[in-house]
Amino acid sequence: MDADGSTTALAVDSTRFRHVVSHLASGVTVLTARDGESVYGMTASSVTSLSVDPPMMLACVNRAVPTAGGISRSGSFGVNVLGEGQGDIAEQFATRSRNKFRGIQVRAGELGMPLILDALAYLECEVVEEIAGGTHVIFIGQVRSASARVGHPLTYYRGDFGRFEFARDDDVYKRAREQVLNRIYGADDVVVLEDIARALDVDKSAAFYALTRLAADGLVRRDPELGYVVNPFDARTSDATFDARLAIQLGVVEQVVDKASEASLRELRRRFEAMVVLLVGDRFVDFGAYLDANYRFHEWIVDLAENPLLTATFGGLSIKTVMTRSFGSTPVTSQAFVDVQRRITEAFEHRDAEAAKAALRDYCALAKERVREILHHTGGRL
Ligand SMILES: Cc1cc2nc3c(=O)[nH]c(=O)nc-3n(C[C@H](O)[C@H](O)[C@H](O)COP(=O)(O)O)c2cc1C
C-alpha cells in the first residue's frame, strides 16, 4: 500500500477489487421482466442513465442469473428505483428463490413489465442492444415510460443499505452532539424527542435521526421505558474503549510488523509528526486538531493490516467521543503521551514487534490513568 492508501500494482486481485469498488455508493433498483407467464426480478445497482436524447438506460446483469434470460427473451425490462424504506425488498430480490415476488404488490406497466407499488421511481425500457462484458451482459434500453414520486432513495455503500445523509441532518446531529458533550443534557437525563426538536428548531424526523446517531456513538442509550437517556461517562466507558483499541492494535502488530511497506511506515511517521506539534509542553495547542491528528495516527496503525473489518471495528469505538469527554475537558495534559507514541512509531520503523506491543500497552495504560485523574477532579463522572 502507498502512503495515500492507494495501490500502484498493475494486477488487482478480486478481493481488493471488491473492497475498493464497494466504496462507489449507488442507488438500488429492482430490474423486472415478463416473458409470457413467467415474471423475473432481481436487485441491481449497476443501472444508470445512458443518454437523454433519445432517453436510454443501461443495466449490467450477470448472465448466469435467471433475470438475464428473462430480459433477453421479453425484449424489455422494468427499472424500479427503491425508496429509503425498501431495504427489505432489495434483500428479497437479491436472494435466489422460486417466488421472488412473494408478498410484493405489483402492477403492470405500459410495456407489461411488473412494477413494484410504492417504488420511488419507475422506468420501462425496450432492449435495443445487448453487449457482453465479462461475466455480465449490458442491456441498453430505450425508455418507453417513466415516472417518479416525491421521496428519498435507498442507497448501497460498502455492502450495507442506507439512506442519504443530508447536510441538514448532519448539522442537526452535530448540534445535538455538542449539547450532550457540553453537558447541556447531564448524565442520565432523559432526552425527549419533541424537546430536542424544539431546542434545535428542527422537525422530529431530523431530531430522531440525530438521536439514533448519538446512540451509535454511545453518547445516549435507548431505554425501553424512558426513551433516550444520556450515558454517564465514567472510567468503565473509557477503559473499555482504550482496551478495545489496544486489542485491535496488538493484533495488527503481529500481522504487519514484518510486512508493512516502507511507504506506509513513512506515512505513520508523517502522521506522528503532524500530531506532536499540537501537544507542546504539557498542554494541547488546539485540542480539536490534536484529537483529529491522534485519531489519524492510530487509525493508520490499524489500516496497516488492510483488513476492512478491523478498520470498521476501530471506527466504531467512539474513540474521539471518549477523548473529547475526558481529555477535552482540560487543556492540561502530559508530554508522556508524545514520548510513548514516539516509541510506537520507532518500534514499527525498527520492525520490532515486542517493542511495539510494549509501547502500545504503555500508551493504553497512560490514557486510562489520565482519564482517572480527570474523573477524580470531577467526582467520578463527566
Ligand atoms: C445491492 C445489490 C446490488 C446488486 N446489483 C447487481 C447488479 O447490478 N447486477 C447483477 O447481475 N447482480 C446484482 N446483484 C446480485 C443479484 O441481485 C442476485 O444475484 C440475485 O440473486 C439475482 O436474482 P436471480 O438469481 O433470481 O435472477 C446485486 C445485489 C445487491 C444486494
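Treat the numbers as computed from the prediction; the structure is a model and nothing was measured.
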Answer yes or no: are there more than 12 heavy-atom neighbours, outside [X] itself, under 6.0 Å from its atom [atom1]?
| X | atom1 | result |
| --- | --- | --- |
| N99 | CG | yes |
| R18 | CZ | no |
| R107 | CZ | yes |

Are [X] and [Y] side-chain neighbours, meaning at least one heavy-atom pair lies under 4.5 Å?
| X | Y | answer |
| --- | --- | --- |
| V81 | Y122 | no |
| T155 | V28 | no |
| R283 | T333 | no |
| E254 | K357 | yes |
| E349 | R269 | yes |
| R96 | P66 | yes |
| L82 | L120 | no |
| I140 | V127 | no |

How long is the gap from [atom1] on [X] to [atom2] on [Y], to the nearest 0.5 Å?
| X | Y | atom1 | atom2 | value |
| --- | --- | --- | --- | --- |
| F77 | C125 | CZ | SG | 4.0 Å |
| Q105 | D118 | CD | CG | 7.5 Å |
| E130 | I71 | CD | CD1 | 8.5 Å |
| Y173 | L200 | OH | CG | 13.0 Å |
| F139 | I131 | CZ | CD1 | 11.0 Å |
| D88 | F93 | CG | CZ | 10.5 Å |

Could you go step by step and tell me if S264 and S261 meet the side chain to side chain donor-acceptor pair (under 3.5 Å) rule? CA-CA 5 Å; S264 62; S261 68; 3.1 Å; yes
Sidechain-backbone polar pair: [X] side chain, [Y] backbone, donor-acceptor under 3.5 Å:
| X | Y | answer |
| --- | --- | --- |
| S49 | M57 | no |
| T29 | A44 | yes |
| H350 | E346 | yes |
| T311 | D303 | no |
| Q249 | L360 | no |

In this structure, is the centre-to-centre distance between the rings of Y363 and H298 below 6.0 Å? yes
Salt-bridge test for [X] and [Y]: reply yes if a basic N is under 4.0 Å from a carboxylate O, no otherwise.
| X | Y | result |
| --- | --- | --- |
| D258 | R351 | no |
| D339 | R342 | yes |
| R175 | D171 | yes |
| E373 | R370 | yes |
| R270 | E267 | yes |
| R198 | E194 | no |
| R144 | E124 | no |

Geometric cation-pi criterion, [X] with [Y]: 6.0 Å, 45°:
| X | Y | answer |
| --- | --- | --- |
| R163 | Y209 | yes |
| R343 | F348 | no |
| K320 | Y295 | yes |
| R271 | F297 | no |

If I compare all heavy atoms of [X] with all of [Y], which pair ends up nearest, and what's the gap?
| X | Y | result |
| --- | --- | --- |
| D35 | G70 | CB-O, 4.4 Å |
| D243 | C364 | OD1-SG, 3.6 Å |
| A260 | L265 | CB-CD2, 4.0 Å |
| H136 | N62 | CD2-N, 3.2 Å |
| L193 | L211 | CD1-CD1, 3.8 Å |
| L154 | G83 | CB-O, 3.2 Å |

Contacts under 3.5 angstrom, residues 221-229 side chains, donor-acceptor by atom type, not counting sequence neighbours:
| from | atom 1 | to | atom 2 | distance (Å) |
| --- | --- | --- | --- | --- |
| R221 | NH1 | N231 | OD1 | 2.9 |
| R221 | NH2 | D188 | OD1 | 3.4 |
| D223 | OD1 | E225 | N | 2.7 |
| D223 | OD1 | L226 | N | 2.8 |

Tell me, with the steps shown, if M42 and V30 meet side-chain contact (heavy atoms from CB on, under 4.5 Å). CA-CA 5 Å; M42 65 174 281; V30 173; 6.0 Å; no
V20: what forms a side chain to side chain contact (heavy atoms under 4.5 Å, CB included) with it, not counting sequence neighbours? R16
Please step through side-chain contact (heavy atoms from CB on, under 4.5 Å) for the pair D13 and F17, ending with a clear verdict. CA-CA 6 Å; D13 68 28; F17 174 67; over 6 Å; no
Evaluate the ring planes of F284 and F327, with Trp represented by its six-membered ring, and classify them as parallel (under 30°), tilted (30 to 60°) or perpendicular (over 60°). perpendicular
Is there a continuous path of hydrophobic side-chain contacts, each under 4.5 Å between heavy atoms, that joins Y290 to V332? no
Run N294 and Q341 through side chain to side chain donor-acceptor pair (under 3.5 Å) and show every step you take. CA-CA 10 Å; N294 175 273; Q341 290 177 103; 3.0 Å; yes
